[in-house]
Amino acid sequence: MKGYRRYIPLNWLLSALARMPLKVLYVLSDILFVIIFYIVRYRRKVALTNITESFPDKSPKECGKICRDFFRHFSDYIVETIKLGHISDEEMKRHMEFTGCEILDRYFDEGRSIVVYFSHCGNWEWAPSLTLWMRHKPSPDLVYAQVYRPLTNKWFDSYFLKLRSRFGSVSYDKRMVFRHLLMLRRDNIQSITGFMSDQKPSHNDPIHIVKFLNHPTAVITGTETVVRKLDTVAVYWDMEKTGRGHYRLNARVITDNASEMPEYTITDTYIKMLEETITRQPSIWLWTHKRWKNRVEYPADMPQ
């Protein structure tokens, strides 16, 4: 607890900000954008390089606009995430819409569990509000969960875990998620678990390379492994930003019978869906990731 005392002023500040109306927070976001983009220039070069290489058909002017729009969105994402500390269910539903929930509820009716392929698009921190839209609510027999990578800073780790549990979901450390889901299945508890699958794969992941945003890209395959081993339904969350502070997530089923699909087909399908999402609205993806820092090559037998 001693180490946490120095964060008391920050906790007070974040709590005060969370109680402000979103329209006020967006004024702060506009100021934050100027600081991040023009003064600090936070990973601006990384973002612009990623965008330019991903969209070779776009002009420098177009790429520059996507970059600026991304940082405007990123500033909004920051204040919107803080708002999670004090937001009503009704206000959350006005800002985050889910479609396709009846499909998920039907799978729950059938006794199936679900793995959700998700990405750093829109405001991913608002995604746990799914529970507000579902007929099946979190209960001892149904767990809503998301996978996360623990932060090095314990205070911030605790802060984000609290925000992510706001709507009744739990967070599983990525190193332990398979064990947790295996235990749930053993105890006949259904689950729906979101996997952020657009990051770089871990060092011990099998190497699978795809063409993604004009790059040869090593992608995460562990999500597909979970789907296959636990025989879950695989769903993709298709995110779009419909206005400032307004998002829509659409559930798109990848497969409900993984055993019939060849190896890595689920992963490949997800990557194609994600690319469609990003191409449709490029400014809402997290371009500051150093996604292609360690370059890989296409396999010799892979068509270019």
Q. With hydrophobic residues grouped by side-chain heavy-atom distances under 4.5 Å, do Val170 and Leu84 end up in a single group?
A. yes
Q) Under 4.5 Å between any side-chain heavy atoms of Leu17 and Leu28, yes or no? A) yes
Q: Answer with yes or no whether the hydrophobic clustering places Val210 together with Tyr117; edges join I, L, V, M, F, W, Y residues whose side-chain heavy atoms lie under 4.5 Å apart.
A: yes
Q) Sub-3.5 Å donor-acceptor pair from the side chain of Thr217 to the main-chain atoms of Val219, do we have one? A) no
Q) Is Lys83 reaching over with its side chain to a backbone N or O of His86, donor-acceptor style, under 3.5 angstrom? A) yes
**Q.** Close side-chain approach of Tyr148 and Leu161, heavy atoms under 4.5 Å
**A.** yes
(Q) Contact between Lys93 and Glu90 at the side-chain level, heavy atoms closer than 4.5 Å - yes or no? (A) no
Q | Close side-chain approach of Phe70 to Asn50, heavy-atom, < 4.5 Å | A | no
Q: Look at atom NZ of Lys200 and say whether more than 12 heavy atoms of other residues, nucleotides or ligands are closer to it than 6.0 Å.
A: yes
Q) Met134 and Ile192: same hydrophobic cluster, using ILVMFWY side-chain contacts below 4.5 Å? A) yes
Q.
With a 3.5 Å distance limit and no angle check, can you tell me whether Arg112 reaches the backbone of Asp231 through a side-chain donor-acceptor pair?
A. yes
Q: Could you tell me whether the side chain of Asp187 and the main chain of Ile189 form a donor-acceptor pair under 3.5 Å?
A: no
Q: Using side chain to side chain contact (heavy atoms under 4.5 Å, CB included) as the criterion, list what pairs up with Glu297, not counting sequence neighbours.
A: none
Q) Around Lys137, counting heavy atoms of other residues, nucleotides and ligands shown, do more than 12 lie under 6.0 Å from its NZ? A) yes
Q | Among Tyr270, Phe118, Phe195, the one residue meeting side chain to side chain contact (heavy atoms under 4.5 Å, CB included) with Thr223 | A | Phe195
Q) Under the criterion side-chain hydrogen bond (donor to acceptor under 3.5 Å, both in side chains), which of Glu224, Lys272, His208 is the partner of Thr267? A) Glu224
Q. Would you say Trp285 and Glu275 make side-chain contact, with heavy atoms under 4.5 Å?
A. no
Q.
Could you tell me if Arg44 sits above the aromatic ring of Phe37, with its cationic atom closer than 6.0 Å to the ring centre and no more than 45 degrees from the axis?
A. yes
**Q.** pair Leu249-Leu130: side-chain heavy atoms closer than 4.5 Å
**A.** no
Q | Side-chain touch Arg252/Glu276, heavy atoms, less than 4.5 angstrom | A | yes
Q: Mind telling me whether Trp155 and Tyr7 have parallel, tilted or perpendicular rings, with 30° and 60° as the class edges?
A: parallel
Q.
Check the orientation of Tyr42 and Phe74. Use parallel for under 30°, tilted for 30 to 60°, and perpendicular for over 60°.
A. parallel
Q: Assess whether salt bridge (charged side-chain N to carboxylate O under 4.0 Å, His left out) is satisfied between Asp256 and Arg106, documenting all intermediate values.
A: CA-CA 12 Å; Asp256 57 11; Arg106 188 181 72 239; 5.9 Å; no
Q: Please name the pair of heavy atoms, one in Asn123 and one in Tyr247, separated by the smallest distance, quoted to 0.1 Å.
A: N-CE2, 3.6 Å
**Q.** Which atom of Arg6 lies closest to which atom of Pro9, heavy atoms considered
**A.** O-CD, 3.6 Å
(Q) I'd like to know if Ile266 and Val253 are part of one continuous hydrophobic network [Ile/Leu/Val/Met/Phe/Trp/Tyr, side-chain heavy atoms within less than 4.5 Å]. (A) yes
Q: Would you confirm whether Ser119, through its side chain, and Asp198, through its main-chain N or O, come within 3.5 Å as a donor-acceptor pair?
A: no
(Q) Check whether Ser15 reaches the backbone of Asn11 with its side chain - one donor and one acceptor, N or O, closer than 3.5 Å. (A) yes
Q. So, Glu240 side chain and Gln281 main chain: donor-acceptor pair closer than 3.5 Å or not?
A. no
Q: Tell me, please, which residues at least two apart from Phe156 pass ring-ring contact (aromatic ring centres under 6.0 Å, His included).
A: none
(Q) Any side-chain to backbone donor/acceptor pair from Asn214 onto Glu53? Under 3.5 Å, distance only. (A) yes
**Q.** Pairwise side-chain contact, Ser75 with Ile35, heavy-atom cut-off 4.5 Å (strictly under)
**A.** no
Q) Salt bridge check: are Asp89 and Arg166 linked by an N-O gap of less than 4.0 Å? A) yes
Q. At what distance, to the nearest 0.5 angstrom, does CZ of Arg43 lie from CZ of Phe71?
A. 9.5 Å
**Q.** Output field: ring centroids Trp124/Tyr77 closer than 6.0 Å
**A.** yes
Q. Quick check: does any side chain N or O of Ser169 sit under 3.5 Å from a backbone N or O of Arg164, one acting as donor and the other as acceptor?
A. yes
Q: State the CD1-CD1 distance between Ile66 and Ile278, to the nearest 0.5 angstrom.
A: 11.5 Å
(Q) In this structure, would Leu142 and Leu182 fall into the same cluster of hydrophobic residues linked by side-chain contacts under 4.5 Å? (A) yes
Q: Flag the pair Lys241 and Asp76 as a salt bridge only when some basic side-chain nitrogen lies within less than 4.0 angstrom of an acidic carboxylate oxygen.
A: yes
(Q) Any carboxylate oxygen within less than 4.0 angstrom of a Lys/Arg side-chain nitrogen, looking at Asp109 and Arg135? (A) yes
Q. Taking the inter-plane angle between the rings of His215 and Trp292 on a 0 to 90° scale, is it parallel (under 30°), tilted (30 to 60°) or perpendicular (over 60°)?
A. parallel
